[in-house]
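Naming convention: chains lettered A, B, ... in sequence-line order (proteins, then strands); numbering from 1 in each chain.
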2 protein chains.
Amino acid sequence: MPPVRSPAPDPVTRAPVPLDACALARAIDVIGDAWTLLILREALCGVERFDAMQADLGIPRSVLAARLARMVEQGLLERRTYRDPGRRGRPAYRLTEKGRGLVPALAALRQWSRTHLAHGPSLLSLVDHDGVCVETRLVRADGQAVEDLTAIRARAGPPVG
Amino acid sequence: MPPVRSPAPDPVTRAPVPLDACALARAIDVIGDAWTLLILREALCGVERFDAMQADLGIPRSVLAARLARMVEQGLLERRTYRDPGRRGRPAYRLTEKGRGLVPALAALRQWSRTHLAHGPSLLSLVDHDGVCVETRLVRADGQAVEDLTAIRARAGPPVG
DNA sequence: CAGTATCCCAAGCGATACTG
DNA sequence: CAGTATCGCTTGGGATACTG
């Protein structure tokens, strides 16, 4: 995972879209890592304890500790101390609003997986408060639904139309 | 990046959502890697040559070669030999339909970056054929727009409502 | 151009153990 | 339960150079 910065010492003749000026690249810098995404999944499932995550994911404890720390630092998770009445306080990792903001991306990934990977059924769904599944739609800024992905391009320059 | 499989030897008492039965986890297995996503970005920008990607991303050549091979194998890219009239044929990497299917996920990531990271302006936009920006919307299966991300949960079990 | 080949180093992993 | 500590091993990344 490369840190986000322009790659070259010489600034000339290339990189139509330098990495450090690209929103997508900056997002990738945060979540472009398998464990981070999987931890997000855990949090979305309501798993908020260190040992539970460690057991679910089979991740080395040291790595989990490091990832959680980074995610807290980045503001994706918040670490609060949860205290059952009469019990010792225990840390709990909860999604922040910023972390929840990634739900659409996760939903889109899940949909893609189901249509293009399809190794059997998914045992995990993203649902609204009343249990209804949610999914993403791609729409144009003018409100029209996008019907043909083939037409989509990335273009240099800030959002216009 | 862990291979997608259930973590534990013993199947008892835990892992409410085993990794190998989760569509999201399978997607993460494919794109849970910074370089892969960045290469996808390049492809979306229309960059299709080895050296151009290498220069844009500052990725080691060996790593790029390996990633491209894997992405072709996974069906995200296709390698076609492009021949200018009278010139030597050169390989070109193009997005497949499967690869394009990730556009909504990339769009969602980009939006998240702009609202929650916001280190300055984005120099890259995803646009439709006529230059209009596209974005993702989160909607319920019954068609209603999702207004409150806080209510979204991951739930075990296949999609129902 | 489009890659291989090489070499080195940092990071990840797995196991296990120890502390508060 | 929630970590930190240690350790050996393996993988992958980064830099550079070489080849068709």
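- Under 3.5 Å, the side chain of B:Arg61 and the base of D:dA15 form no donor-acceptor pair of N or O atoms.
- Per the geometry, CG belonging to A:Asp33 stands 14 Å off C1' belonging to D:dG12, to the nearest Å.
- Distance, B:Arg80 CZ to C:dA2 C1': 18 Å, rounded to whole Å.
- We find that CE of A:Met53 is positioned 12 Å from C1' of D:dA2, with the value rounded to whole Å.
- For B:Val63, whose side chain is taken as the heavy atoms from C-beta onward, the closest listed nucleotide among C:dC13, D:dG13, C:dG3 is D:dG13.
- For the atom pair CD1 (A:Ile39) and CZ (A:Arg67), the distance works out to 7.0 Å, reported to the nearest 0.5 Å.
- Looking at the side chain of B:Phe50, the nearest of the listed nucleotides C:dG3, D:dG3, D:dG13 is C:dG3.
- Across all strands shown, C:dT4 is found opposite D:dA17 as a Watson-Crick or G-U wobble partner, with both distances under 3.5 Å.
- Rounding to whole angstrom units, CG of residue A:Leu57 and C1' of C:dC13 are separated by 14 Å.
- Remark: A:Arg153 CZ is loosely packed, at most 12 non-hydrogen atoms of other residues, nucleotides or ligands lying under 6.0 Å away.
- The nearest whole Å value for the distance from the CG atom in A:Leu64 to the P atom in C:dA15 is 16 Å.
- Side-chain contact between B:Thr150 and A:Glu97 is absent, with no heavy atoms from C-beta onward closer than 4.5 Å.
- In the set C:dA2, C:dG12, D:dA2, C:dG12 carries the atom at the smallest distance from any side-chain atom of A:Arg67.
- B:Asp130 has a carboxylate O that lies under 4.0 Å from a charged side-chain N of A:Arg140, or vice versa, which qualifies the two as a salt bridge.
- Backbone-only contact: A:Tyr93 has heavy atoms under 4.0 Å from sugar-phosphate atoms and none from a base.
- With DNA chain D read from its 5' end, the first of the two nearest nucleotides for A:Arg90 and A:Ala66 is the one closest to A:Arg90.
- Contact check for A:Val30 versus A:Leu76: side-chain heavy atoms found under the 4.5 Å cut-off.
- Spacing between atom CZ of B:Arg70 and atom C1' of D:dG12 amounts to 12 Å, rounded to whole angstrom units.
- Across all strands, A:Pro91 comes closer than 4.0 Å only to sugar-phosphate atoms, never to a base (heavy-atom distances).
- Contact annotation for A:Arg49: backbone-only contact, meaning every heavy-atom pair under 4.0 Å involves sugar-phosphate atoms and none involves a base.
- Taking side-chain N and O atoms only, A:Trp35 has no distance below 4.0 Å to OP1 or OP2 of C:dA11.
- Side-chain proximity of A:Pro60 to the nucleotides C:dG3, C:dC13, D:dG13 is greatest for C:dC13.
- Residue contacts for A:Ser62: at a heavy-atom cut-off of 4.0 Å it reaches no nucleic acid atom on any strand shown.
- Atom pair B:Leu68:CG and D:dG13:P shows a separation of 13 Å (rounding to whole Å applied).
- Atom CD in B:Gln54 sits roughly 14 Å away from atom P in C:dT4 (whole-Å rounding).
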